[in-house]
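Worksheet: the structure to be examined is printed underneath.
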Amino acid sequence: MKVLVADDSPISRHLLEVSLSSSGYETQIVADGAEALRVLEQKESPKLVILDWMMPNMDGVEVCRAIKKRAAEPYVYIILLTAKGHQEEINEGLEAGADDYITKPFDLQELKARLRVGKRILELHEQLVSQATRDSLTSLLNRSAILEVLQKELIRSVREKTPVAAIMTDLDHFKHVNDTYGHLAGDAVLREAARRLSASLRVYDSVGRYGGEEFLVVAPSCGAAGGADVAERLRESISGAPIDTSGHAIVVTMSFGVAATCDIKQVNQLLRMADDALYAAKKAGRNRVEVNSEIGG
Ligand SMILES: [Mg+2]
């Protein structure tokens, strides 16, 4: 786990760096609070932060407040470093959003123990977030999480005047799979289909389990034609090889409905259009991609 350390004292920085590295932590060290905030604004920034209280420009408590003012996710666990006996500072720090504190000069064993607590809490937090946003069978985003992605992308597409495509897809004759091979095989098919869909997407696309055997793909910066290309690639990834469940190689196909826009603000409106296209794909014989051409993009 990566730890960000902000401390204006070179000796303290060195000591922390050596201690943390020897305990197996990857470290990122900065000399003041403003720099710490800049680091935390970057992607994949550390979630575990040690902040010195006394620093020029922006002190530890100000940094705490700034961190806690941001979006709730990702959660950042903050340990404040403070001088011994400054109880008011400690209270103020905890009030400002620090999760824990250590008094200087710190005891190495205590620091390590406190870091382990932080790590444990961050891991628990991650588990909770994952339980709330992931579908337990396929590990894809669940319905509410993928709808939230679509909502955000729609807002962005209207603001930036770039299109976004919604692709609704559904396993063909899935009831037949369940009836013929049983529900365990059905679950295995869903898991493998989900894995293939994820593996075939571009990095900035998202996919979620929308309902039983229905999935929703959100493809930013895609008009109708781009969305159809994405869907076609997904279709091939599913139909290209049978899915092995214990004892059976099951041939599976999916139908796809694509709708793209850069001026619709309502999630439901775009979904309805993608759904209509999916219905058309089913009606036209399944294992195919249909585009809703009512809207351009
Ligand atoms: Mg200091």
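Position 1 is the first residue of the sequence, and the numbers go up from there. Fair warning: this is a prediction, and the values are worked out from it, not measured in the lab. Counting convention: from 1, in listed order, for ligands and their atoms alike.
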_Any donor-acceptor N/O pair, D205 side chain to R202 backbone, under 3.5 Å_ = yes

Practice task
Indicate whether any N or O donor in one side chain lies under 3.5 Å from an N or O acceptor in the other, for N91 and E95.
Solution key: no

### Message
Counting neighbours of CE on M58 that are heavy atoms of other residues, nucleotides or ligands and sit closer than 6.0 Å, is the number greater than 12?
### Response
yes

message = With a 3.5 Å distance limit and no angle check, can you tell me whether K161 reaches the backbone of R159 through a side-chain donor-acceptor pair?
response = no

Note, the Mg ion (ligand 1) has protein N, O or S atoms under 2.8 Å numbering 3

inquiry  = When you compare the side chains of Y210 and D275, does any donor N or O come within less than 3.5 Å of an acceptor on the partner?
reply    = no

query: Are any side-chain N or O atoms of R114 and backbone N or O atoms of Y101, one a donor and one an acceptor, separated by less than 3.5 Å?
result: yes

